[in-house]
Amino acid sequence: MARFDGKVALVTGAASGIGRGIAEAFAREGGHAVIADLNRDAAEATARAINAAGGAASAVAMDVTDETQVDDGVEAIVARTGRIDILVSNAGIQIVKPVQEFSLAEWRKMLAIHLDGAFLTTRACLRHMYAQKSGAIIYMGSVHSKEASKLKAPYVTAKHGLMGLSKTVAKEGAAYNVRSNVVCPGFVRTPLVEKQIPEQAATLGLTEEQVIRDVMLRDTVDATFTTIEDVAEAVLYYAGFPTNALTGQSMVVSHGWHMG
């Protein structure tokens, strides 16, 4: 048997980037990956690609900041598959600028997607995980769950907040055999990061090469970007762990950027 035969995983923000890589890895291991994304067409295209490659996947359009969409989406998943075993709360965006230049609307948008979205999807999934007495929730944190960087105040705030949510869910979920953990990647060269390179170069007065070398990869042990595959493997490790021995924890996947 494959590692996740018969298991259903909801992955938010899964039409591209890290989320897509996680969904593809989960399907390769025998599970049914539910691709949740704001972009319905992209979500459906990703599900079709996974199915064409021999995996099992379906799609659901979901704005993770919309309570009704989240609740209805999760209910539709359970109606279709009969269960939900894993939530990977991955949906996120990035806005890069100094604190004094952030508008309140930008601040609220960042926290809504990262924190409100994590809360709403967690709550909707826990209702079913508690009933079936099993489940695993993995939050997509960041090295910025443990460190801070210039120009990223709401992002750093939100990623720190996920640590607190995860620890609380771990304590409350233990009686139902539901585990909760956080994966904290370093910089992964996704479209989200590619967009940041020229933005940070302009704001910091550096070349794009300097941003990569002296900002993004400066504190790694080998000046290497973390890969989507690295992150997906860490997520699957948490998702597949069999007992409450591993809950309320965080794993940094960053080529040594953050240690400890």
### Intermediate values then yes/no, side chain to side chain contact (heavy atoms under 4.5 Å, CB included), Lys150 and Val215
CA-CA 10 Å; Lys150 295 177 180 179; Val215 177; over 6 Å; no
### Query
Please, which pairs that meet ring-ring contact (aromatic ring centres under 6.0 Å, His included) have at least one residue in residues 200-232, sequence neighbours excluded?
none
### Message
Please determine whether side-chain hydrogen bond (donor to acceptor under 3.5 Å, both in side chains) holds for the pair His32 and Thr81, giving the CA-CA distance in whole Å, both sets of side-chain angles, and the decisive distance to 0.1 Å.
### Response
CA-CA 9 Å; His32 181 106; Thr81 66; over 6 Å; no
## Note on the structure
Here the gap from Glu209 atom CD to Ile197 atom CD1, rounded to the nearest 0.5 Å, amounts to 9.0 Å
#### Entry: salt bridge (Lys or Arg N to Asp or Glu O under 4.0 Å) involving Glu199 - partner list, sequence neighbours excluded
Lys195
### Task
Indicate yes or no for a side-chain donor-acceptor contact from Asn51 to the backbone of Ala57 under 3.5 Å, with no hydrogens or angles considered.
yes
### Verify same cluster id: Ile86, Phe241 (apolar side-chain graph, 4.5 Å)
yes
### Query
Are Ser180 and Ser166 linked by a side-chain donor-acceptor pair shorter than 3.5 Å?
yes
### Query
Without hydrogens or angle criteria, can the side chains of Thr247 and Asn244 be said to hold a donor-acceptor pair below 3.5 Å?
no
Listing, residues 117-126 side-chain donor-acceptor contacts under 3.5 Å, not counting sequence neighbours, or none:
| residue | atom | partner | partner atom | Å |
| --- | --- | --- | --- | --- |
| Thr121 | OG1 | Gly117 | O | 2.8 |
| Thr121 | OG1 | Ala118 | O | 3.3 |
| Thr122 | OG1 | Ala118 | O | 2.6 |
| Thr122 | OG1 | Tyr139 | OH | 2.8 |
| Arg123 | NH2 | Glu67 | OE2 | 2.7 |

## Note on the structure
For Gly17 and Thr190 the tightest heavy-atom approach is CA-CG2, 4.3 Å
### Query
Is there a donor-acceptor pair closer than 3.5 Å between any side-chain N or O of Asp214 and the backbone N or O of Val211?
no
#### Entry: Partner residues of Gln94 under the side chain to side chain donor-acceptor pair (under 3.5 Å) criterion, sequence neighbours left out
none
### Query
Can you tell me if Asn90 uses its side chain to pair, donor with acceptor, with the backbone of Val11 under 3.5 Å?
no
### Query
Thinking salt bridges, do Arg83 and Asp85 make one under a 4.0 Å N-O criterion?
yes
### Query
Within a reach of under 6.0 Å around CZ of Arg213, are more than 12 heavy atoms found that belong to other residues, nucleotides or ligands?
yes
### Query
Is the closest basic N to carboxylate O distance between Arg127 and Asp71 below 4.0 Å?
yes
### Query
Looking at CD of Gln210 and CZ of Arg218, how far apart are the two atoms once the value is rounded to the nearest 0.5 Å?
13.0 Å
### Task
Give me the ring orientation class for Trp257 and Phe187: parallel if the planes are under 30° apart, tilted from 30 to 60°, perpendicular past 60°.
parallel
### Query
For the atom pair CG (Leu206) and CD1 (Ile212), what is the distance rounded to the nearest 0.5 Å?
11.5 Å
### Query
Can you list the steps and then say if Ile137 with Val169 is a side chain to side chain contact (heavy atoms under 4.5 Å, CB included)?
CA-CA 9 Å; Ile137 296 175; Val169 172; 4.1 Å; yes
### Query
For Glu106, what residues pass the salt bridge (Lys or Arg N to Asp or Glu O under 4.0 Å) criterion, not counting sequence neighbours?
Lys97
### Query
Any idea how His144 and Tyr155 line up, ring-wise: parallel (<30°), tilted (30 to 60°), or perpendicular (>60°)?
perpendicular
### Message
Using modelled atom types and a 3.5 Å cut-off, is there a donor and acceptor pairing between side-chain atoms of Lys159 and backbone atoms of Met140?
### Response
yes
### Query
Is the backbone of Val34 close enough, under 3.5 Å, to the side chain of Ser58 for a donor and an acceptor to pair up by distance?
no
#### Entry: Nearest atoms (heavy-atom pairs only) where Ala239 meets Arg179
O-NH2, 3.6 Å
### Task
Tell me, please, which residues at least two apart from Gln69 pass side chain to side chain donor-acceptor pair (under 3.5 Å).
none
### Task
State, to 0.1 Å, how close Leu115 and Ala158 come at their nearest heavy-atom pair, and which atoms those are.
CD2-O, 3.4 Å
### Residue of the set Asp222, Asp219, Thr224, Thr227 for which side chain to side chain donor-acceptor pair (under 3.5 Å) holds with His255
Asp222
### Query
Between atom OG of Ser134 and atom CE of Met129, what is the distance when rounded to the nearest 0.5 Å?
8.0 Å
### Message
Working to the nearest 0.5 angstrom, can you tell me the gap between Met251 CE and Glu233 CD?
### Response
9.0 Å
### Query
Between the main-chain N or O of Leu217 and the side-chain N or O of Thr220, is there a donor-acceptor pair closer than 3.5 Å?
yes
### Query
Between atom CG of Asp37 and atom CD of Glu44, what is the distance when rounded to the nearest 0.5 Å?
11.0 Å
### Query
Using 4.0 Å as the upper bound for N to carboxylate O, is an ion pair formed by Arg20 and Glu24?
yes
